[in-house]
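Keep in mind that the numbers below use all heavy atoms, side chains included, and drop hydrogens, waters and symmetry copies. In what follows, every chain begins at residue 1, and chains take the letters A, B, ... in the order their sequences are listed.
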Amino acid sequence: MSRYDPASIEPKWQAAWEEAGTFVASREGDKPKYYVLEMFPYPSGRIHIGHVRNYTMGDVIARYKLSTGHNVLHPMGFDAFGMPAENAAMKSGGHPKTWTYDNIDTMVGQMKPLGFGLDWTRMFATCDPEYYGQQQALFLDFLEKGLVYRKNAVVNWDPVDMTVLANEQVIDGKGWRSGAEVERRELTQWFFKISDYSEELLEALDTLDNWPAKVRLMQENWIGKSRGLEFGFERTDGEAPITVYTTRPDTLMGASFVGISPDHAISKELEAQNPEVAAQLAEMRKGGTTAEALEKAEKLGIDTGIRVKHPLDPNWELPVWIANFILMDYGTGAIFACPAHDPRDYEFATKYELPIIPVFGEDDITEAFVPPKTDKVTYLRGFAGATEQTGDAAVDAAIDLAEKDGWGNGVTKFRLRDWGLSRQRYWGCPIPVVHCDSCGVVPEKKENLPIELPFDNGNEEIDFSIPGNPLDRHPTWRDVACPKCGAPAKRETDTMDTFVDSSWYYARFTAPRAQTPTDLAEAEYWMNVDQYIGGIEHAILHLLYSRFFARAMNITGHLPDKSREPFNALFTQGMVTHAIYQTTGEDGRPVYHFPEDVELRDGKGFLKDGTEVKIIPSAKMSKSKNNVVDPVEIIKAYGADTARWFVLSDSPPERDVEWTASGAEAANKHLSRVFRICAEIAEGDVAPTKEDEALLRETHKAIHDVTMGVESFGFNASIAKLYGFTNALHKSRAGSEVKRFAAKTLAQLMSPMTPHLSEELWQLLGGEGLIANAPWPVADESLLVEDTVTLPIQINGKRRGEMQVARDLAKEEVEKLALAHEAVVKALDGGQPKKLIVVPGRIVNVVV
RNA sequence: GCCCGCGUGGUGGAAUGGUAGACACAGGAGACUUAAAAUCUCCAGGCUUAAUAGGCCGUGCCGGUUCGAGUCCGGCCGCGGGUACCA
């Protein structure tokens with residue numbers, strides 16, 4: 001009997017699938033279609049174990065759907081633009097393009113041996129001119145429909161390198177290379193009008209039944225619809241009033257001061273007039289642009305000297321402060337502060353000794369009191385509605401009053417901001433417009449697309465060793481004739497955010513070689529994505545941007561109406577995490593070490609030279625943190641099926657798993673065992689026995705349970721059942737015919753997870769054709785029900801015994817049997833039960 | 001800071017509000033073997049007990065709802081993800 005030898009069987013079956021075109025998506029026949037998509041990878045250089053887990057899950061679905069009679073589309077590509085390629089070029093020379101395509105080659109080379117049922121004929125990378133040229137066409141169509149515009153926005157500015165930094169490149173408020181303190185600076189940039197769709201994107205969340213509730217909740221909070229009051233504070237100096245927006249108008253009697261953003265028009269006016277204010281504002285603008293940095297920054301304020309009148313009491317004057325925690329992007333960039341009921345206002349008021357006046361609750365407070373708006377509270381200084389009411393009711397009453405008295409308006413606002421897509425970087429999709437002195441911003445002509453990135457600068461490769469955007473200092477690329485008037489003009493040198501690339505790739509996969517962004521007939525057939533699979537880290541940005549893009553593509557005629565929500569079902573798989581090993585470099589910034597360089601002793605980690613490293617447990621695998629685990633060694637040692645089986649077993653797919661190297665060997669042992677058991681059965685010649693029926697029942701139970709697991713993303717549960725079924729098959733003394741049926745079924749049930757082994761077993765057991773094409777087994781319902789069940793007996797909720805009863809035994813009979821049970825008799829001690837609960841087929845609980 | 005999750009044996013984890021720990025890993029005992037590997041059989045939450053039976057404790061911590069809570073509710077603690085230029 002031959003042994004399980006993945007090294008020989010895996011390439012054999014991969015070749016067989018390729019030759020048969022098993023996974024090439026086809027529209028043939030009148031089969032239903034199924035589109036399964038995993039979030040495509042960034043070509044970082046090597047695939048890691050998280051990719052294997054992600055793509056194996058998608059492959060299980062794809063192969064399962066193929067065997068249940070679907071035309072399956074299961075494509076793969078690369079999200080290939082982005083900073084790491086430029087960083088690599090900066091660090092070790094070379095060109096982002098060669099770096100990226102080399103990485104893609106490597107990764108495809110690593111993925112193919114895993115035997116994924118992918119349609120490789122559709123593969124593309126977003127950095128292919130063929131792809132990004134169509135993206136430029138989309139941009140031009142969006143521009144024409146008013147879905148793109150320009151405005152000022154704040155970026156991280158490194159004053160030493162004279163360059164824009166990504167948030168990731170700002171570490172503790174300092175530039176990652178220069179170490180200089182970062183400033184916030186305004187630039188004119190391109191924006192998608194996603195905010196026009198705030199309401200629709202919010203409401204449509206309700207239709208996404210097959211999305212995780214937590215993702216919908218996160219998007220709901222991100223879109224952040226709020227109802228509040230907008231009103232003007234009259235200035236005592238007679239200048240134009242300051243308009244504020246507040247979601248808590250009920251706390252107006254607790255007003256302490258009016259706060260304006262450092263980027264507010266009044267702040268800028270004062271900055272121009274007053275050098276002292278200018279200096280203080282410069283201080284406020286230090287640090288990064290992230291919400292976290294802004295929120296956590298020490299509260300800073302400047303008293304403008306301006307005074308305003310309280311809308312409810314003309315004799316009450318409030319000071320106007322510039323405050324660094326107020327965002328210009330949200331509301332009107334100005335607020336009234338109520339320190340008693342807002343933690344940030346409280347911190348600010350305490351620091352600058354401004355009044356703190358409670359509006360509801362206790363009159364004597366030591367921290368901001370912020371109960372949920374649905375809670376009823378007692379108003380000490382209410383001015384609208386009842387004395388005792390919920391925050392929501394009080395807000396409504398305050399808005400009504402303001403509108404009735406004519407000093408304010410109830411308005412609905414969204415937190416969602418327009419999507420800034422401009423990036424001052426080389427390795428991205430060029431924005432296809434030209435800046436002309438006389439014509440202004442001129443769209444490039446479609447026939448000139450793609451506007452390709454220049455590979456070199458004249459005769460030499462583009463230089464990435466100097467900070468800044470090489471496109472900006474590339475005259476032959478940058479200087480062009482205006483497409484409209486022909487006069488000398490300059491190409492836009494900003495490129496697009498890489499989120500643009502990933503916002504429509506799912507649509508492109510339906511017709512990856514089309515001469516237009518999509519082919520409507522193909523999109524009509526294959527869209528929507530029936531099952532999208534990816535990491536929870538994309539819950540907000542990528543998924544929201546994609547939802548917006550699908551709408552924009554529908555409006556511009558590139559997608560059918562049904563695709564305005566492009567992903568019918570979403571599954572967010574957990575991440576594969578791994579500890580980060582960190583020390584601190586001479587410059588005070590963190591240095592990350594590879595796991596193989598760290599020795600673990602008593603839960604502490606040490607470098608070879610004995611330096612202790614800080615261990616940050618369970619962190620997302622990230623190339624920049626050097627904690628990525630490479631699956632190649634496992635594949636080499638045990639084969640692809642073992643790797644696939646292993647990443648699916650044990651952990652529920654939605655949960656994070658901490659990577660450990662043990663266990664792979666065990667998975668391999670199990671597959672060898674399955675091979676051995678099946679090979680023996682293939683050769684067996686035993687007449688039917690009285691155990692046949694029992695094995696038949698086990699087989700049908702396995703079909704049922706494994707199928708349920710696959711359908712519900714419970715792959716770990718499916719695998720647990722498969723272990724159980726394998727053990728049952730191994731122990732069974734049934735005849736050869738039933739055993740062969742059971743073994744063939746086992747091979748089929750395993751085939752989405754371990755396709756190569758299953759093909760081999762299928763062949764060995766005399767199955768017809770490829771197992772990949774064999775119809776999925778169907779469980780015989782009549783063989784699933786057991787005649788008798790074990791009923792646990794509880795006394796006061798604690799298990800005290802059990803009894804065997806017929807499955808459909810009447811409730812009264814069960815009660816009678818339970819009361820006669822030894823443990824119950826003892827507990828009752830002659831008395832009557834207080835209560836008797838019988839859950840048929842489940843449990844009996846006696847309360848004494 | 002804010003939003004969203006997660007927390008169960010030595011380990012990964014199972015459990016429509018109904019027998020907590022399925023299925024595995026690591027471990028232990030035995031069979032086979034000259035021996036080892038491989039394979040096969042069995043044991044296994046903690047405490048109590050010579051052992052078994054029995055009992056008690058036990059799903060991060062504190063409290064609540066319920067006949068019954070890992071599961072639902074409230075409050076903490078810890079860890080992770082996102083936080084709009086990492087992808």
Side-chain angles (χ1 to χ4, degrees), chain A residues 39 41-42 44 79 81-84 87 153 155-156 164-170 189 194 212-215 217-222 224 288-297 325 329 343-344 347 415-425 497-499 501-502 535-542 544-545 572 574-575 577 617-620 622-624 649-652 654-658 660 662-663 665-667 669-670 672-673 676 714 716-717 719-724 727 730 790-802 834-837 839 842-847:
Chain A
M39 290 179 186
Y42 178 79
S44 55
D79 189 12
F81 276 135
M83 293 204 314
N87 293 344
V155 294
N156 301 303
V164 177
L165 297 179
N167 286 334
E168 195 192 41
Q169 298 172 319
V170 179
Q189 308 199 62
I194 188 171
K214 66 178 168 191
V215 173
L217 185 58
M218 284 160 85
Q219 292 214 352
E220 185 183 327
N221 289 333
W222 185 258
T289 58
T290 63
E292 189 192 3
L294 296 174
E295 283 281 343
K296 282 190 172 168
F325 65 92
D329 294 319
R344 291 171 305 179
E347 196 188 329
R415 208 183 72 101
L416 180 65
R417 309 201 297 254
D418 277 334
W419 170 12
L421 68 118
S422 300
R423 296 291 181 270
Q424 296 70 39
R425 267 173 260 290
D497 178 9
T498 56
F499 273 122
D501 312 337
S502 56
I536 185 68
E537 67 271 26
H538 293 295
I540 296 175
L541 294 181
H542 163 63
L544 195 61
Y545 291 158
T572 52
M575 282 176 297
T577 60
S618 303
K620 173 180 153 181
S622 162
K623 203 170 188 272
S624 59
S649 60
D650 289 354
S651 281
E654 68 276 14
R655 205 186 295 186
D656 289 353
V657 286
E658 173 85 17
T660 54
S662 66
E665 192 186 337
K669 273 187 193 174
H670 177 72
S672 302
R673 182 164 179 255
R676 226 168 23 244
N716 58 322
I719 285 184
K721 297 291 177 195
L722 285 166
Y723 270 110
N727 288 338
H730 176 62
T790 305
L791 225 49
I793 296 171
Q794 292 183 334
I795 293 164
N796 293 337
K798 290 195 186 229
R799 185 179 171 281
R800 284 292 182 267
E802 60 180 38
K834 234 162 128 181
K835 203 165 177 183
L836 189 58
I837 293 136
V839 184
R842 275 285 180 189
I843 205 164
V844 181
N845 190 10
V846 187
V847 186

Collect all protein-nucleotide pairs involving nucleotides 17-20 of chain B in which both atoms are nitrogen or oxygen and the distance is under 3.5 Å.
unit_1 : atom_1 : unit_2   : atom_2 : d
B:G18  : N2     : A:Gln794 : OE1    : 3.4
B:G18  : N2     : A:Asn845 : ND2    : 3.4
B:U19  : O2     : A:Arg799 : NE     : 2.8
B:U19  : O2     : A:Arg799 : NH2    : 3.3

Under 3.5 Å, which N/O atoms of the protein pair with N/O atoms of nucleotides 22-24 of chain B?
unit_1 : atom_1 : unit_2   : atom_2 : d
B:A24  : OP1    : A:Asn727 : ND2    : 2.7

Interface polar pairs with nucleotides 1-8 of chain B, N/O, under 3.5 angstrom:
unit_1 : atom_1 : unit_2   : atom_2 : d
B:G1   : O2'    : A:Glu295 : OE1    : 3.4
B:C3   : O3'    : A:Asn221 : ND2    : 2.9
B:C3   : O2'    : A:Asn221 : ND2    : 2.9

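Distance noted for atom P between B:G30 and B:A37: 14 Å (whole Å). One C1' atom belongs to B:A51, the other to B:C43, and the distance between them is 15 Å to the nearest Å. Comparing the C1' positions of B:G9 and B:G21 gives a spacing of 7 Å, expressed to the nearest Å.
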Here RNA chain B, pairs taken as Watson-Crick or G-U under 3.5 Å and shown with ( ), [ ] when crossing and | when to another strand, reads (((((((..(((.....[....))).(((((.......))))).((((.....))))..(((((..]....))))))))))))....
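Dashed line: the shortest gap from a side-chain N or O of A:Ser651 to OP1 or OP2 of B:G13 is under 4.0 Å. A close approach under 4.0 Å does occur between a side-chain nitrogen or oxygen of A:Asn167 and OP1 or OP2 of B:A84.
The side chain of A:Thr290 lies closest to B:A84 when the candidates are B:A84, B:A87, B:A14. In this structure, the nucleotide among B:C67, B:A84, B:A87 sitting nearest to the side chain of A:Lys835 is B:C67.
Scored by the salt bridge (Lys or Arg N to Asp or Glu O under 4.0 Å) test, A:Arg799 finds A:Glu802 as partners (sequence neighbours excluded). Among residues two or more places apart in sequence or in another chain, the side chain to side chain contact (heavy atoms under 4.5 Å, CB included) test is passed with A:Ser672 by A:Tyr4, A:Asn668, A:Arg676.
By the 30° and 60° cut-offs, the orientation of the rings of A:Trp419 relative to A:Tyr545 is parallel.
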